[in-house]
Amino acid sequence: MFRMSHFSDLQGSEDSGPVYVREKGRLSVAGSHCPRVKTPPVRLFSKGFSVELCVRQGDACKPKEKPFVFTYTEQGSLRYSAKSLFTLALDLIADNIQHVDSLLGFPEQVAERLFTAAESRQQFCHPHSGLAALRKFTEAYGDLMLSSLCLRSKYLLVSEKMEEIKSFQGLHVLDLSCCKLGDEHELIAHLSSEAMDSLRELYLKDNCLSDIGVRKMTAPVRVLHRGLGKLSLLDVSCNPGITEKGLSFLLGFKELRFLDISDTGVQDSVFTCKKIQTRTGLVQSKKPLPQFDESSCRTEGWAEQLFRQWDDLVMSAIKPKKTLPSRTAAQHFYGKDKGTPEAETPMLYETPAAPTKHLQFYRPEGAPNPPPAVPQPGHYPGKRLKEDKHVSDRGSSQPAKKPRVALTADDWDLLNSY
């Protein structure tokens with residue numbers, strides 16, 4: 001029992017007031033029949049008190065999204081519903097994806113939604129933290145990120161996002177056609193790394209390759225039996241620098257089922273076709289194969305939309321400004337009219353293009369892959385003799401020179417007139 005005295009000064013008297021008694025959690029007045037006394041609630045702040053959060057202008061904190069989802073009912077009225085705790089946690093991780101240590105062992109279904117959320121926030125476009133964040137996904141999920149990548153004619157994107165492209169692992173299809181890479185490009189050297197062991201289809205059309213680039217690309221397969229050994233389709237067409245010597249390096253791909261060497265530096269196509277058929281079992285196709293169409297390859301995977309973002313950023317950065325053409329500006333400066341004869345551009349003679357050498361090969365259905373060649377002692381001298389004999393036979397089988405055309409008297413008169 002606890003007793004508390006209360007002195008009332010309402011009337012200014014010094015007489016003692018009522019005595020309050022608390023029993024079993026109840027407060028009552030001693031000697032009264034009132035069981036309970038109502039006490040006014042205690043207020044920590046007055047009714048007019050308010051709190052306002054002020055943020056400095058220099059603070060670059062990103063405003064948080066409201067934890068509500070706005071939808072419409074069937075009657076057309078607006079309905080507010082709270083976001084789930086899973087969605088709130090996913091958004092928090094996506095906003096701070098650069099601080100995640102690793103995603104190894106993380107469920108794939110949740111990781112896909114996390115990647116989509118981070119991509120919508122353009123987390124992979126940041127110049128400093130974007131590459132590190134992307135590698136966390138590529139190291140953990142491999143071909144789920146990208147199983148097929150088409151970079152046809154996107155040489156600017158290849159140049160700007162080189163490290164990001166090299167971070168993808170588990171690719172099955174890669175199209176680098178018309179990118180003008182050359183033999184010394186680092187992406188050509190990357191093709192022979194362990195990250196490209198899973199590659200099945202490779203398109204290198206019109207990339208300024210020569211025998212040197214082909215030798216570098218095929219060295220791990222020929223020497224260490226790793227690298228692009230699982231390749232089933234290869235397109236090296238429109239590379240005039242690749243000759244018969246470079247094609248001999250391509251014969252190390254024993255799993256090839258489709259090969260395109262059209263418009264290369266091959267001189268003797270008949271001998272080359274026989275050599276390819278003997279060494280690999282591939283047969284020359286009389287008509288274009290659908291496997292080498294431009295529409296046969298497309299980007300597929302979680303990062304498909306990410307490459308579209310990168311491509312849009314690159315194209316927007318190089319978008320030319322609307323300026324007056326130099327020719328028109330010169331005409332205005334010199335006061336010449338566009339329709340004057342001296343302002344017209346002379347027609348230039350264009351050399352007709354060389355005829356296309358259609359050299360596409362395929363493996364017939366049911367034909368087994370050729371066994372790996374095992375060198376035998378004393379085999380190379382005999383092989384060299386056979387090759388020398390073939391070269392001599394090919395030299396002797398060349399067509400005879402055409403007889404010279406005799407000049408007439410009119411031709412001599414025309415020559416003497418100069």
Side-chain angles (χ1 to χ4, degrees), residues 171-175 177 191-192 196-205 209 211 213-239 242-293 296-297 356-391 393-394 397:
L171 280 173
H172 300 306
V173 182
L174 179 60
D175 190 352
S177 301
L191 294 176
S192 58
M196 294 286 120
D197 289 350
S198 59
L199 206 59
R200 299 293 187 274
E201 300 179 8
L202 179 59
Y203 300 86
L204 294 174
K205 177 181 178 181
L209 297 178
D211 297 339
V214 175
R215 179 173 57 85
K216 292 180 180 180
M217 185 179 62
T218 59
V221 179
R222 295 180 289 105
V223 180
L224 303 177
H225 300 285
R226 67 182 185 186
L228 299 175
K230 300 179 182 179
L231 208 62
S232 61
L233 185 146
L234 179 61
D235 183 4
V236 292
S237 60
C238 300
N239 289 286
I242 300 178
T243 62
E244 285 85 350
K245 181 180 179 180
L247 293 178
S248 62
F249 299 137
L250 299 178
L251 301 181
F253 297 129
K254 301 301 180 181
E255 300 293 332
L256 271 183
R257 303 190 65 86
F258 300 96
L259 176 64
D260 189 359
I261 58 173
S262 304
D263 294 328
T264 55
V266 176
Q267 300 296 330
D268 192 350
S269 58
V270 177
F271 170 69
T272 302
C273 295
K274 291 182 179 180
K275 184 177 181 180
I276 292 177
Q277 184 173 359
T278 304
R279 297 282 297 275
T280 63
L282 300 178
V283 181
Q284 183 181 8
S285 176
K286 301 300 182 183
K287 57 182 180 179
L289 296 174
Q291 286 78 9
F292 298 105
D293 292 341
S296 60
C297 179
T356 304
K357 298 179 181 178
H358 176 73
L359 293 175
Q360 294 182 352
F361 301 85
Y362 70 99
R363 188 182 304 281
E365 295 293 336
N369 296 334
V374 180
Q376 300 294 336
H379 176 71
Y380 293 104
K383 180 181 178 181
R384 185 59 179 268
L385 292 176
K386 292 181 180 179
E387 290 182 356
D388 295 342
K389 182 179 179 181
H390 175 77
V391 172
D393 294 343
R394 186 174 58 181
S397 61

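All residue numbers in this chain count up from 1 along the given sequence. Every heavy atom of this structure was used, including side-chain atoms; hydrogens, water molecules and symmetry mates were not. Since this is a predicted model, take the numbers as computed values, not measurements.
- To the nearest 0.5 Å, atom NE2 of residue H358 and atom NZ of residue K286 are 9.0 Å apart.
- Between I261 and T264 the shortest heavy-atom distance is O-OG1, 2.8 Å.
- Remark: K216 engages E184 in a salt bridge (Lys or Arg N to Asp or Glu O under 4.0 Å) (not counting sequence neighbours).
- The backbone N or O of C273 lies less than 3.5 Å from no partner atom in the side chain of Q284, so there is not a single donor-acceptor pair.
- Side-chain contact between D235 and F258: absent, with no pair of heavy atoms (C-beta onward) separated by less than 4.5 Å.
- From L171, atom CG reaches atom CZ of R200 across 11.5 Å, with rounding to the nearest 0.5 Å.
- Here the side chains of V283 and Q277 are in contact, with some heavy-atom distance below 4.5 Å.
- A heavy-atom distance below 4.5 Å is found between the side chains of V266 and E244.
- For the residue pair R222 and R215, the shortest heavy atom distance occurs at NH2-O, 3.1 Å.
- Put simply, the side chain of S192 never gets that close to the backbone of M217: no donor and acceptor are under 3.5 Å apart.
- In this structure, the separation between CD on Q360 and CG on L289 is 4.5 Å, given to the nearest 0.5 Å.
- Here the shortest heavy-atom pairing between C297 and V173 reads SG-CG1, 3.6 Å.
- Residues S248 and K275 are in side-chain contact: their nearest non-hydrogen atoms beyond the backbone lie under 4.5 Å apart.
- Inter-residue side-chain proximity for F253 and T280 is flagged as unmet; no heavy-atom pair is nearer than 4.5 Å.
- Remark: side-chain polar atoms of R363 are paired, donor with acceptor, to backbone N or O of L256 under 3.5 angstrom.
- A pairwise comparison of heavy atoms in V236 and N239 identifies O-ND2, 2.9 Å as the closest pair.
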Between D263 and K205, does the side chain to side chain contact (heavy atoms under 4.5 Å, CB included) criterion hold? Intermediate values first, please.
CA-CA 10 Å; D263 294 328; K205 177 181 178 181; over 6 Å; no
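- Atoms CZ and OG, from F292 and S237 in turn, are 8.0 Å apart once rounded to the nearest 0.5 Å.
- Considering all non-hydrogen atoms of both residues, L247 and I242 come closest at CD2-CG2, 4.1 Å.
- For the pair L359 and T272, the minimum side-chain heavy-atom distance is 4.5 Å or more.
- Put simply, the side chain of D260 does not reach to within 4.5 Å of the side chain of Q291, judged on heavy atoms.
- Taken from CG in L199 to OG in S232, the straight-line distance is 9.0 Å, to the nearest 0.5 Å.
- Between atom CG of residue L191 and atom OG1 of residue T218 there is a gap of 11.5 Å, rounded to the nearest 0.5 Å.
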